[in-house]
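Reviewing the structure listed below.
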Amino acid sequence: MKLEEIQKIVKSQLSEKRYNHSISVMERAKELALKYEADVEISAKIGMAHDIAKEMTEEEKLKYVKENNIEIDETEKVNTGLLHAKIGKDISIKKFGFTESMGQAIENHTTGNKDMDIYSKILFIADRTSKDRNFEDLEYLNELIDKGIDEAVLYILDKKIKLQIEKRASIHINGIIARNNLLEEMK
């Protein structure tokens with residue numbers, strides 16, 4: 001499916017604020033694709049589609065995973081906000097014709113996961129560094145992006161894990177596995 005068609009569908013599913021975030025992530029994903037020599041069109045599509053299920057209600061998310069036989073773990077049952085990533089993958093593959101790799105990038109964009117490919121990493125970073133974000137460490141993160149994609153992904157994983165600890169919230173195991181795997185790869 002063409003990017004313009006995906007944009008129309010995403011726009012019809014999201015609030016203006018969330019849609020504008022998706023536009024910002026799409027633009028940032030394109031920039032990162034150029035930087036890391038990945039396919040710009042694929043990066044744009046996953047950036048646009050990544051939050052397609054973000055504004056579904058808790059009930060809608062639980063119903064969707066049940067009806068579509070999407071396996072969820074205990075952490076996701078308690079924190080249904082995480083489900084938008086798995087549902088987004090499913091919708092993107094079924095509705096937009098995304099490849100498994102493109103779908104996996106969408107599934108990985110919240111928690112990370114082991115064996116993240118270039119598109120998973122691009123989307124993971126783009127979601128955190130898009131122009132609509134105003135994190136105070138953005139300048140430092142951009143320096144890490146210049147050093148290498150893995151440095152940036154590791155930093156974001158560390159920040160997400162620290163934040164969950166500070167909030168005394170559960171940490172999804174995929175983030176820990178992603179971090180450990182990345183550390184091994186970087187040795």
Side-chain angles (χ1 to χ4, degrees), residues 6 10 18 21-54 73 75-76 79 81-93 96 98-165 169 171-186:
I6 294 168
V10 170
R18 182 62 51 188
H21 168 69
S22 296
I23 293 281
S24 294
V25 172
M26 175 188 71
E27 293 301 329
R28 183 64 170 145
K30 289 177 3 185
E31 292 169 16
L32 293 168
L34 287 170
K35 180 173 195 59
Y36 297 121
E37 299 177 356
D39 188 296
V40 174
E41 186 178 350
I42 288 173
S43 299
K45 287 179 176 180
I46 60 176
M48 175 49 57
H50 82 285
D51 272 350
I52 184 80
K54 182 77 172 181
D73 59 35
T75 306
E76 292 163 332
N79 184 356
L82 293 172
L83 293 178
H84 83 278
K86 284 186 173 179
I87 295 169
K89 172 189 178 179
D90 191 70
I91 290 170
S92 294
I93 289 172
F96 304 147
F98 281 16
T99 64
E100 180 63 28
S101 169
M102 293 166 76
Q104 200 59 49
I106 291 172
E107 182 174 347
N108 293 339
H109 87 271
T110 349
T111 61
N113 207 338
K114 68 180 180 97
D115 305 323
M116 291 170 71
D117 70 6
I118 188 71
Y119 298 106
S120 286
K121 291 175 181 179
I122 284 172
L123 182 57
F124 193 72
I125 296 169
D127 192 33
R128 175 65 163 62
T129 62
S130 61
K131 71 176 182 185
D132 64 313
R133 303 287 197 184
N134 57 357
F135 296 110
E136 55 192 49
D137 60 350
L138 208 50
E139 191 176 320
Y140 176 71
L141 188 47
N142 283 323
E143 289 172 20
L144 288 179
I145 288 168
D146 288 339
K147 283 185 181 177
I149 196 165
D150 290 342
E151 288 290 339
V153 171
L154 182 61
Y155 176 79
I156 294 167
L157 284 165
D158 285 349
K159 290 292 279 191
K160 285 179 176 249
I161 291 168
K162 283 181 196 170
L163 180 64
Q164 292 303 96
I165 290 169
I171 301 169
H172 197 281
I173 192 70
N174 287 355
I176 295 167
I177 292 169
R179 183 179 185 276
N180 291 346
N181 195 61
L182 206 49
L183 286 170
E184 278 301 308
E185 286 178 10
M186 292 169 71

Test item: N79 side-chain N/O and T75 main-chain N/O as donor-acceptor pair under 3.5 Å
no
All heavy atoms of I161 vs all of G175, minimum pair found to be CD1-O, 4.1 Å
Point-to-point distance, once rounded to the nearest 0.5 Å, from OG of S22 to CD1 of I6
12.0 Å
Measuring only between side-chain heavy atoms, which start at C-beta, is L141 closer than 4.5 Å to F135?
no
Would you say N180 and E184 are linked by a side-chain donor-acceptor pair, where the criterion is simply a distance under 3.5 Å?
no
Nearest-0.5 Å distance, CD1 of residue I173 to CG of residue N113:
10.5 Å
Rounded to the nearest 0.5 Å, what separation is found between the CD1 atom of I125 and the CG atom of D150?
8.5 Å
Would you mind reporting whether Y36 and I145 have side-chain heavy atoms less than 4.5 Å apart?
yes
Point-to-point distance, once rounded to the nearest 0.5 Å, from CG of L32 to OG1 of T129:
5.5 Å
Any side-chain heavy atom of D117 within less than 4.5 Å of one from Q104?
no
Are M116 and F124 side-chain neighbours, meaning at least one heavy-atom pair lies under 4.5 Å?
yes
Check for a donor-acceptor pair, side chain of E27 on one end and backbone N or O of S24 on the other, with a separation under 3.5 Å.
no
Closest approach of A105 and L123, non-hydrogen atoms and distance?
O-CD2, 3.4 Å
Do Y119 and T99 have side-chain heavy atoms sitting under 4.5 Å apart?
no
Does a salt bridge link K147 with E143, judged by any charged N lying under 4.0 Å from a carboxylate O?
no
Judged by atom type as modelled, is there a donor-acceptor pair below 3.5 Å linking the side chain of D39 to the main-chain atoms of I42?
yes
Between D127 and the options R133, K160, K121, R28, the salt bridge (charged side-chain N to carboxylate O under 4.0 Å, His left out) test singles out R133
Determine, for R128 against D137, whether the closest basic-nitrogen to carboxylate-oxygen distance falls under 4.0 angstrom.
yes
Let me see the working for M26 and H50 under side-chain contact (heavy atoms from CB on, under 4.5 Å), right down to the final yes or no.
CA-CA 9 Å; M26 175 188 71; H50 82 285; over 6 Å; no
Write down the atom of N181, the atom of D115, and the distance for their closest heavy-atom approach.
ND2-N, 3.3 Å
Heavy-atom pair of closest approach, residues I171 and Q164:
CG1-CB, 3.6 Å
Does CD belonging to E100 count more than 12 external heavy atoms closer than 6.0 Å?
yes
Given side-chain contact (heavy atoms from CB on, under 4.5 Å), test M186 with L154 step by step and report yes or no.
CA-CA 10 Å; M186 292 169 71; L154 182 61; 4.0 Å; yes
Where do V25 and A126 come nearest, in terms of heavy atoms and distance?
O-CB, 3.8 Å
Stepwise side-chain contact (heavy atoms from CB on, under 4.5 Å) test for H21 and S130
CA-CA 8 Å; H21 168 69; S130 61; 4.0 Å; yes
I want to check something: taking the side chain as every heavy atom from C-beta on, are E37 and I118 in contact at a cut-off of under 4.5 Å?
no
Pairwise distance NZ(K54) to CD1(I87) - rounded to 0.5 angstrom
11.5 Å
Any side-chain heavy-atom pair from H109 and D51 closer than 4.5 angstrom?
yes
Quick one: pull up CG in N108 and NZ in K114 and give me the separation to the nearest 0.5 Å.
11.0 Å
Return the minimal non-hydrogen interatomic distance between A29 and S43, and the atom names on each side.
CB-O, 3.4 Å
